[in-house]
Amino acid sequence: MDSVKFIAISILLCFFFLLISWNFITCAIRLGEMNKTVIEKVIKLLTMVILMGTMFIWIMMPTSTYKKIWLISIRAKLGKSIYYGKPGVNLLLYMFPMILLAFLGCIYLHLKKQTTVNQLNTGAEKKRDKFGVLRRPMLVKGPLGIVTVTEVMFLTMFMALLLWSLTNYIYNTFVTITPESAALDGEILWQARLELIAVRVGIVGDICLAFLFYPVARGSSLLTAVGITSESSIKYHIWLGHLTMIIFTSHGLCYLIYWISRNQISKMLEWDRTGVSNLAGAISLVAGLMMWVTTYPKIRRRFFEVFFYTHYLYIVFMLFYVFHVGISHALIPFPGFYIFIVDLFLRSIQSRNNVKLVSARVLPCNVVELNFSKNPMLMYSPTSTMFVNIPSISKLQWHPFTITSSSKLEPDTLSVMIKSQGKWSTKLYEMLSSDRIERLAVSVEGPYGPNSTDFLRHESLVMVSGGSGITPFISIIRDLFYMSSTHKCKTPKMTLICAFKNSSELSMLDLILPTTGLTTDITLFVDIQIKAFVTREKEISARESTHHNRNTIKTLRFKPIVSDKPISPILGPNSWLCLATILTSSFIIFIVIIALITRYHIDQATEKYTSAHKSLIYLLTISISVVATCTAAMLWSKKRYCKKNDQYVGDFSLLIMESSAQQLLSQSTDIHYGERPNLNKLLVGF
C-alpha cells in the first residue's frame, strides 16, 4: 500500500510541478512590461537566496558543526528513506538547488529577451551601466591573461574557500590522531596523518570539480543570465581544470607515498565492492593527467588535434571518478556535469544535420565568407560565434567563427568569415577557389553569444581591430545599420580603426555591406568613419594593386539538396522556456525512476549490488531521462515551428549594393600606407 501511495504521489507531483511551471511560463509571456519587471525582481531575489544558501553549505561543509550535528540530523530524517537512502541527502542539498537555479535562469532570460525586443521596438533609452567599472580589466599581463575586477574578486573568494576547507578538514582530523590511535592500526603518526591529508585533499578537489563543467555548457542559462558568453567562460574552465588536476594529483601522490611506506602498493589495484575503489580512482587520475599534459601551451598550439581528441577522455575521467567515490558522494559535484550533459545532447541533435549553404565570397586575401540560409525565427546578438564542421575536410573537427551578419538586417541569412591560417581553413579556401564545387556539406552548432548588447547607450563607438579581427565589428556595424534604417532610435557615431598587413586585406572592408537586407538609403542616418592602415606596403605600390584586389572578389552560388535545412533554433523561438522544461522534467523523471528502482529492486537484493552497480544505474537513469526529454522537446518544437520553414527560405540571389551605401563607405574610408595607427592621436576627442 505504501508503494502504491508513493507512485501515485510521485506522478501527481510531476504533473503538478510541470503544470505550475507551464502556467507560470504562459502567464509570463502574456504579462505587460510592468508585471514582467516584478517577476524579474522576484526571480533575482530567489536566485540570491538559493546562491547564499548554497554558498553557506559549501562554507560550513568542512566544519565539525556540519559533520557532527547538521549532517547527522539530516541523514536521520532523509538518509533512511526507502526510496533514495543516503544519496537522497546530497540530491536535496547539492543537486536540486543548482537545477532550480538553471530553471530560474531560463525564465529570467526569456523575460529579459521579451523586454529587450520591446525596448528596441519602442525606441526606449538604455540605462547606464552602474557596474561597468567592475568589468574593466584589472590585470592585463600575466599567466591568467586579461582579468577584470569582478573576476579577481570571485577568484580570491574561491581560493579562500579552498584554503578554508583544507585547513578545517586537516585541523578537525589531526586533533583526533595520536601516536596511540595510529599504533592501533599499525601505523606511525606521520603515516596516519598522511592518509588523512590524502583523503581531505581529495574532498577539496571535489569543490573544483563541482564548478568545472559550468563554463563549457555553451547554452547554459547560468552563464548567460550573468552576462558571460561561452567563449569568455573558457578561461574559467582552464583555471578550474588546472586547480582540479593539481589537487587530485596531490591526492594520488599522497596515497602512493602512504602505500609505499607501508609496503601496500598492491592496494592501488583494489576494487572495493561497497567502499572506495582505488583502481577506479587510478584510472580516473591517469585519464585526467593525459588531458592535463596536452593543455601545455607548446603541445596545444603545435598539436591541437592531439589536445582536442584527448579531451574526450573526460568521459573516462568522470565515469571512473563516480566508481571511485560512489554515487552518493559523486552527487555533490555532479550538478554542473548534469547541465553539461543536457547542453551536449542538444548540441549533438543540432549538429547531426547538414545546413543549407547558399553562397560564398572568396576574397584575394585568403579569406572566405560563407552565407547560410537561416530560419527567420533564429535571433542572435552581434559578436556571436558559431561552430562549423565540414565533413569533406574533417568529420571530427569543429571550429568556432564569429558571425558577420545581423539577424535583424538579414533575417534569412547567416554569414561567417574564415581566414586561411591553419590546415583546415587553408583546405577550405583551396576548395572554394577551385571553381569545381557545386555543393558543400556543412554542419553547425550555435550561434552562441551575449543575451543582449547595449551599444545604443553610448554616444560613440570606437572599434579597433587588426587583420581578420575586424569580424565581430562587421556584425555590430550591420546591426546598427538596421537600427538606423528603422528610425526608432538614435544610433551612436561609429569609428572603425583597422590595421592590415597588405593592401589585399582591404577587401575585408567590402564585407561590411551585406549581400541582402539593405532596403533603405542609410546615408542619411549613419555616421561612420573608417581609418584603415596598411602597415607593410608603401602608398604607390599599394594603390596600384588596391583597385585590382578589391574588385577580384569572387562569388560562388551553391546548389543545396533537399536534405539541407536552414539554420534554425533547435528548441524554437522560445528556446529558454523549452530548456527550462527540459531541465525540470528530466530531473523529475530521474528522481522518480531512481526511487522506484531503489525501492523495488535494489532494496530487495542489496547484497547483489555493489557500489559500482548502483553508480552505473544512476548514470544510465540520468542519460535516459536527458535523452528522452531533449528528444521530445526537439520533436515538439520541430513539429510546431519548423514545418512551414522546411522549404526554401528567402531570396538569396546576390543583390547589387545600392550605390549610395557603397558611396557612403567609400567617402568614409581613409586609408594610410606604411604606418601603424597612433591610437593616442586618433582617439583625441572621444
Side-chain angles (χ1 to χ4, degrees), residues 113 117 120 218-219 346-347 349-361 368-390 398-418 439-451 453 471-472 474-479 481-482 485 511-519 555-576 578 634 637-638 640-655:
K113 177 182 177 182
V117 171
L120 178 61
R218 297 172 189 161
L346 288 173
R347 288 192 277 123
I349 293 177
Q350 183 191 22
S351 61
R352 65 188 178 91
N353 295 321
N354 289 330
V355 296
K356 187 179 292 185
L357 177 64
V358 293
S359 66
R361 288 198 281 183
V368 295
E369 181 191 53
L370 303 181
N371 300 304
F372 300 93
S373 169
K374 181 183 78 69
N375 191 314
M377 292 187 301
L378 177 62
M379 302 297 291
Y380 51 86
S381 300
T383 70
S384 294
T385 59
M386 184 174 70
F387 285 76
V388 178
N389 170 261
I390 301 179
W398 290 81
H399 295 272
F401 299 101
T402 304
I403 298 173
T404 57
S405 55
S406 167
S407 59
K408 303 183 187 73
L409 183 65
E410 305 152 273
D412 298 326
T413 311
L414 188 150
S415 305
V416 296
M417 189 180 82
I418 302 174
R439 174 186 174 269
L440 188 62
V442 182
S443 298
V444 300
E445 282 184 14
Y448 305 105
N451 186 50
T453 49
T471 308
I474 293 176
S475 64
I476 294 174
I477 294 172
R478 289 190 186 183
D479 212 56
F481 278 172
Y482 167 81
S485 65
L511 300 182
I512 292 177
L513 293 177
T515 57
T516 60
L518 285 177
T519 57
T555 300
L556 302 176
R557 300 185 194 180
F558 300 108
K559 299 178 181 179
I561 60 177
V562 178
S563 60
D564 294 339
K565 303 296 181 182
I567 301 176
S568 303
I570 187 65
L571 297 176
N574 296 320
S575 57
W576 290 119
C578 284
M634 184 271 297
S637 176
K638 185 177 181 180
R640 182 171 182 179
Y641 297 112
C642 299
K643 187 175 181 181
K644 61 183 179 181
N645 293 293
D646 285 343
Q647 299 177 355
Y648 195 84
V649 178
D651 179 13
F652 291 96
S653 57
L654 297 183
L655 303 179

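Note that the structure is a prediction, hence the values are computed from the model and not measured. Hydrogens, waters and symmetry mates are skipped; everything else that's a heavy atom, side chains included, is used.
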- prompt: Rounded to the nearest 0.5 Å, what separation is found between the CG atom of Leu370 and the OG1 atom of Thr404?
  reply: 9.5 Å

- request: Name all residues meeting the side chain to side chain donor-acceptor pair (under 3.5 Å) criterion together with Thr402; count only those two or more places apart in sequence or in a different chain, and write none if there are none.
  value: none

- prompt: Which pair of non-hydrogen atoms, one from Pro450 and one from Pro382, has the smallest distance, and what is that distance?
  reply: CG-O, 3.9 Å

- prompt: At what distance, to the nearest 0.5 angstrom, does CG of Leu409 lie from CZ of Phe481?
  reply: 8.5 Å

message: If we ignore hydrogens and angles and just use 3.5 Å, is the side chain of Lys565 paired with the main-chain N or O of Asn354 as donor and acceptor?
response: no

- prompt: For the residue pair Lys408 and Tyr482, what are the closest heavy atoms and their distance?
  reply: CB-CD2, 3.5 Å

task: For residues Lys356 and Lys374, determine if any side-chain heavy atom of one lies less than 4.5 Å from a side-chain heavy atom of the other.
output: no

message: Between Thr413 and Asn371, does the side chain to side chain donor-acceptor pair (under 3.5 Å) criterion hold? Intermediate values first, please.
response: CA-CA 6 Å; Thr413 311; Asn371 300 304; over 6 Å; no

message: Given 3.5 Å as the limit, does a donor-acceptor pair link the side chain of Ser351 with the main chain of Arg347, or not?
response: yes

- prompt: Which heavy-atom pair separates Ser405 from Tyr380 by the least distance, and what is that distance?
  reply: OG-OH, 2.7 Å

message: For the backbone of Thr383 and the side chain of Ser475, can you confirm whether one donor and one acceptor N or O come within less than 3.5 Å of each other?
response: yes

field: Minimal non-hydrogen separation, Leu571 against Cys578, with atom names
entry: O-SG, 3.4 Å

- line: OG (Ser406) and CD1 (Ile474) are apart, to the nearest 0.5 Å, by 12.5 Å

- prompt: Between Arg439 and Pro560, is any pair of side-chain heavy atoms under 4.5 Å apart?
  reply: no

- request: Quick one: list whatever passes side chain to side chain donor-acceptor pair (under 3.5 Å) with Ser575, sequence neighbours left out.
  value: none

message: Within 45 degrees of the ring normal and closer than 6.0 Å to the centroid, is that where the cationic atom of Arg218 sits relative to Phe387?
response: yes

message: Measuring from atom CD1 of Ile418 to atom NE2 of His399, what distance do you get when rounded to the nearest 0.5 angstrom?
response: 9.5 Å

- request: For the residue pair Phe558 and Leu357, establish whether any side-chain heavy-atom pair is separated by less than 4.5 Å.
  value: yes

- request: Could you pull out all residues at least two apart from Met386 that satisfy side-chain contact (heavy atoms from CB on, under 4.5 Å)?
  value: Phe372, Val388, Ile403, Leu414, Val416, Val444, Ile567

field: Results of side chain to side chain donor-acceptor pair (under 3.5 Å) for Asn389 - residues two or more places apart only
entry: none

Side chain to side chain contact (heavy atoms under 4.5 Å, CB included) partner of Asp412, chosen from Pro376, Pro566, Ser407: Pro376

field: Gap between atom CE of Met417 and atom CG of Leu511 - 0.5 Å precision
entry: 6.5 Å

- prompt: Considering residues at least two apart in sequence or located in another chain, which fulfil the ring pair (Phe, Tyr, Trp, His ring centres under 6.0 Å) criterion with Phe401?
  reply: Trp424

query: Which residues pass the side-chain contact (heavy atoms from CB on, under 4.5 Å) test with Ile570, sequence neighbours left out?
result: Ile349, Gln350, Met634

- prompt: Checking Ser443 side chain against Asn353 main chain: does a donor-acceptor pair fall under 3.5 Å?
  reply: yes

query: Would a 4.5 Å heavy-atom cut-off, applied to side chains only, mark Leu378 and Pro447 as touching?
result: yes

